[in-house]
Protein chains: 2
Amino acid sequence: MQDVADLAHVSLSTVSYTLTGKRPVSAATRARVEQAMAQLDFRRDPVARALASRRTHVLALAYPVYGVSLGATLNEIVQGAVEAAREAEYELVLWPVSSSEPEVLRELAAGRTADGVLLMEVALDDPRIEAVESQGLACALIGRSADPADRVWVDIDFEESLEVAVDHLAGQGHTHIAFVNRSQADLDAGYGPSVRALRAYEESMAQRGLTPVSTPCDVNPGAGRRATTALLAEHPELTAVIVMNELALFGVASALREAGRSVPRDMSVVGIAISGEISDMYDHPLTYLAAPGPDQGRRAVHGLLEVLGGRPAPAGVNLPCSLQVRETSGPVTRLTTP
Amino acid sequence: MQDVADLAHVSLSTVSYTLTGKRPVSAATRARVEQAMAQLDFRRDPVARALASRRTHVLALAYPVYGVSLGATLNEIVQGAVEAAREAEYELVLWPVSSSEPEVLRELAAGRTADGVLLMEVALDDPRIEAVESQGLACALIGRSADPADRVWVDIDFEESLEVAVDHLAGQGHTHIAFVNRSQADLDAGYGPSVRALRAYEESMAQRGLTPVSTPCDVNPGAGRRATTALLAEHPELTAVIVMNELALFGVASALREAGRSVPRDMSVVGIAISGEISDMYDHPLTYLAAPGPDQGRRAVHGLLEVLGGRPAPAGVNLPCSLQVRETSGPVTRLTTP
DNA sequence: CATTCTTGTCGAAGCGCTTCGCGGAAGCGC
DNA sequence: GCGCTTCCGCGAAGCGCTTCGACAAGAATG
C-alpha cells in the first residue's frame, strides 16, 4: 500500500481513503491512486483490513452437512446468497456444522472470523440462534423461528403455496387430493415447513369442503413409494397428490406407475417448494411450485447487511412460490367410485 | 492478552510462547499463564494471529454448489475433513464455487484468507488447480488430475472396486453383468471416476471371458430407470447390474420392478462408491462398495497440512471401497436363455 | 574457577491496514 | 484584507497478535 502511495505521490492514508471512501478524495487524486493500484496490481490484504477495522467483510452460512437432502434446493439458496454478498463486496463462506451441534457454531462465532451468520433450515426453537447471538454476531434466518419478532428472517409462504396448489387441482375438478409431507421426525421436532404446510393444506381443503388425506414421509424415494402405495390402497378415490418432499417425489412416480395410474390422466402430481432442477429430473415435466431459492439467499444477505450497517432491522418476509404448470397435472378425466 | 500477562506476572510475549509453543516455557510459568487464561476466559483473536504470523489456520474446501449431486456422499468427505482439521487446530470453511469458474476461486485464493485449498471432484484437466497454485496456496486433490505427480491427492481405487464387484457377482455364477456409469457428459469431460471405472469394469469382465455391457446415465432416478429398461430390452440375458450413480440407483430399482425382475432372485444389484446413507434409502438393503468418504476428507487434510508444514509432499493414495454384502446380490437362481 | 552452553523470559519491532486529529489551501461574505 | 468555514490530504497511533534479538541465570565443560 505504501508502494501505491509513493507511486501516486500521496500518503498512505490517502490511498486507504480512496479505497474505503470514508473521507472525500478529490477526483484527480483518486485517479492517480487508482492508476497506481492498477499498475502495481495492488490488492489489499483482507486480514489486515479486518484487524484494523474490526470488520472481516465475511458472511458465514451455517451449512448443514449432516442429513441427506438433495443438494439442489439448498444450493439455490447458497447461490443467491453468494451473489448478493459478492455485490456488496462481502465474501460468503460456508461453515460446515450440523444443526444439532450449536456449540461448534458458538466456537466458530467466537472466533469472529465473520461479521454475521446466516442460518438455514431453522427449527422453531433453534439453539443455534442463541449460540450466534451470544457471541455478538448478527444473524439472519432462512426459515423462521418460533418467535421471529425483531429478527431478520426469510421464509417460504407455505400457506399461500398450498392454497395455490389445492386451488390449481380443485379448479380442475379434483376432489380427492392427498398431501405427502416431510418426515414424521420433522413434524415432531416442530420443523416449520412441515408443520405450516400441513396446516395450510388442511385449511385449504376444509375451505372447499374436501377431506384432507396426508402422510408424513421420510426424505427418500423408497419411502415415497411406500407412502404413496399405502395412500392409494387406503384411498383409491384419490386423483391428485401434492408432494413437499424432493426425494420422495421419485418414489411417488414409481408407485403410481406400479399402480397402473398414468399421469396426468388418472392422477395429477404437484410438487411444492422444490427447485427447477429437481423438477427436470422427474419422469414427465412436473407441475410444481418453484421454491424462491436464490431469492431467499439474496434477501437474507441483504437483511444481514442492513443489520450490520446499523439500520433498523427489517422485518421478515414470506416469499411466494411460483406455480409452474407442466405436464403432471390436468383435469379429472376418469370418474372414480369412492 | 496483556491482561493475561499481567495476571500471570509475565510478559505478553511469554503468554504468546506458551500458546504457540515455539519457545520453551517452564512448567510453572505455563501453569500460571494457563490459569490466568482460564480465569479471564481468554481466546486469542484469529485475525490478529493471522496477520502477525502469516498463517490463517484456515483450510478451504472448494464446495461445488452447482450441480445436483446428492449431498450425502459429498458431505461424508466434508465431515472427515472437518474432523481432521479440527484435530490439527485448523478451521475448515467451504468456499462455494462451481468447478466451471476458476477465476472466482483465483480471487478467493488471492485474498489469502486460507492457508490451503482442498479441491473435490477434480477433473483430469482441472483449471482450478492452476488457479489456486498461481496464488501461492497449497492445494490437495480429492479425485486426481491427469498428472498427479508431485501433488497431494486422495482418490478412490475404482480399479479395485470394480474388480471386487465383478468378482463378487461372478463368484455367484453371474455371467451377464451390466454397468451403469455416470453421465455421458462426465465421460466426455474426462472426469476421472467415470473413465477409470468403465475401463476397470471392462478389464475385469474381459479377464473372465465375459462380455461387458455398459451405459452412461445422467445422475437422476428417471435416467436410471430409462437406462435400465433399455439395457434389459437389449440384453434380456442380464442377471446383474453394477451401478456407480447414486441417484440412478433408485431408477434402476423401479425399472427392475416394472420388468418383473425381483431382486435378488432374478437380478442382483451392486452399488459402487456410494455412502451408507444412500444404501439405507434403497428399497432393500443394498449390496454396495462403500465409498471411503470420511477417510478421503481426512487424508486430504493431513496431506495438505504436511505440505504446509514444509514436509516432503506425500504421494497420492487410492483408497479402497469396502464391500458390504446385503440383500440385493445373490447367486443366479434362474437360468437365462441368451 | 573462568568459559561456554542451555534454558527461560523480556522488550520492542513489526504484520498491512484503518482512523483520528491536525493543518494548509481555497472559497466565502463583509 | 480579515476571519470564517469547507475541502483534502498528511502523519501517527493503533488493531491484537508473533517473533527476533538480548539477556540473566544456572548447568556443563575444561
Side-chain angles (χ1 to χ4, degrees), chain A residues 1-37 40-58 89-91 110-115 135-136 308-310, chain B residues 1-37 40-58 89-91 110-115 135-136 308-310:
Chain A
M1 193 148 167
Q2 185 62 60
D3 294 346
V4 174
D6 293 347
L7 186 59
H9 300 293
V10 294
S11 78
L12 193 153
S13 59
T14 301
V15 176
S16 178
Y17 284 124
T18 66
L19 240 18
T20 63
K22 301 214 170 167
R23 278 199 188 174
V25 171
S26 73
T29 315
R30 151 162 292 119
R32 264 185 299 134
V33 171
E34 279 167 356
Q35 213 256 304
M37 290 197 301
L40 298 177
D41 189 30
F42 171 82
R43 27 198 10 144
R44 64 181 155 179
D45 182 334
V47 175
R49 175 147 91 123
L51 180 60
S53 67
R54 289 115 219 272
R55 273 267 194 265
T56 59
H57 277 250
V58 169
E89 298 196 61
Y90 267 73
E91 189 179 300
R112 314 199 119 274
T113 52
D115 294 337
Q135 302 304 317
L308 290 178
Chain B
M1 191 146 167
Q2 184 62 62
D3 294 347
V4 174
D6 292 349
L7 187 59
H9 301 293
V10 294
S11 78
L12 193 153
S13 58
T14 300
V15 176
S16 178
Y17 284 124
T18 65
L19 240 17
T20 64
K22 299 213 173 171
R23 279 200 187 173
V25 171
S26 71
T29 314
R30 150 162 293 119
R32 263 184 299 135
V33 170
E34 279 168 358
Q35 213 258 305
M37 292 198 299
L40 297 177
D41 190 29
F42 171 81
R43 28 196 14 142
R44 64 182 154 179
D45 183 336
V47 176
R49 175 148 90 125
L51 180 60
S53 67
R54 289 114 219 271
R55 274 270 196 265
T56 59
H57 276 250
V58 169
E89 298 196 63
Y90 267 72
E91 190 179 299
R112 316 198 117 276
T113 52
D115 294 337
Q135 302 304 317
L308 290 178

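Chain identifiers are assigned alphabetically (A, B, ...) following the order of the sequence lines, protein sequences preceding nucleic acid strands; residue numbering begins at 1 within each chain.
Using Watson-Crick or G-U wobble geometry with both donor-acceptor distances under 3.5 Å, C:dT18 finds its partner in D:dA13.
Under the 4.5 Å side-chain criterion, counting only non-hydrogen atoms from C-beta, B:V25 is not in contact with B:V33. Between B:H57 and B:R49, some side-chain heavy-atom pair lies under the 4.5 Å cut-off. For the pair B:E34 and B:F42, the minimum side-chain heavy-atom distance is 4.5 Å or more.
When distances run from any side-chain atom of A:R23 to the nucleotides C:dC22, C:dG8, C:dC17, the shortest one goes to C:dC22. Listed nucleotides C:dC17, D:dC17, D:dC10 differ in distance to A:M1; the shortest reach to its side chain belongs to C:dC17.
Phosphate proximity of C:dC15 to B:S53: absent, as no side-chain N or O sits under 4.0 Å from OP1 or OP2. Note on A:K22: every side-chain N or O is 4.0 Å or more away from OP1 and OP2 of C:dT18.
Toward the 5' end of DNA chain C, the nearer of the two residues A:R49 and B:V25, judged by each one's closest nucleotide, is B:V25. In terms of position on DNA chain D, the residue among B:S13 and B:L51 whose nearest nucleotide sits closer to the 5' end is B:L51. DNA chain C is contacted by both B:T14 and B:A52; B:T14 maps to the nucleotide lying nearer its 5′ end (nearest heavy atom per residue).
In this model, no side-chain donor or acceptor of A:Y17 finds a partner on the base of D:dC7 within 3.5 Å.
Note on B:P24: a base of the nucleic acid sits closer than 4.0 angstrom, heavy atoms only.
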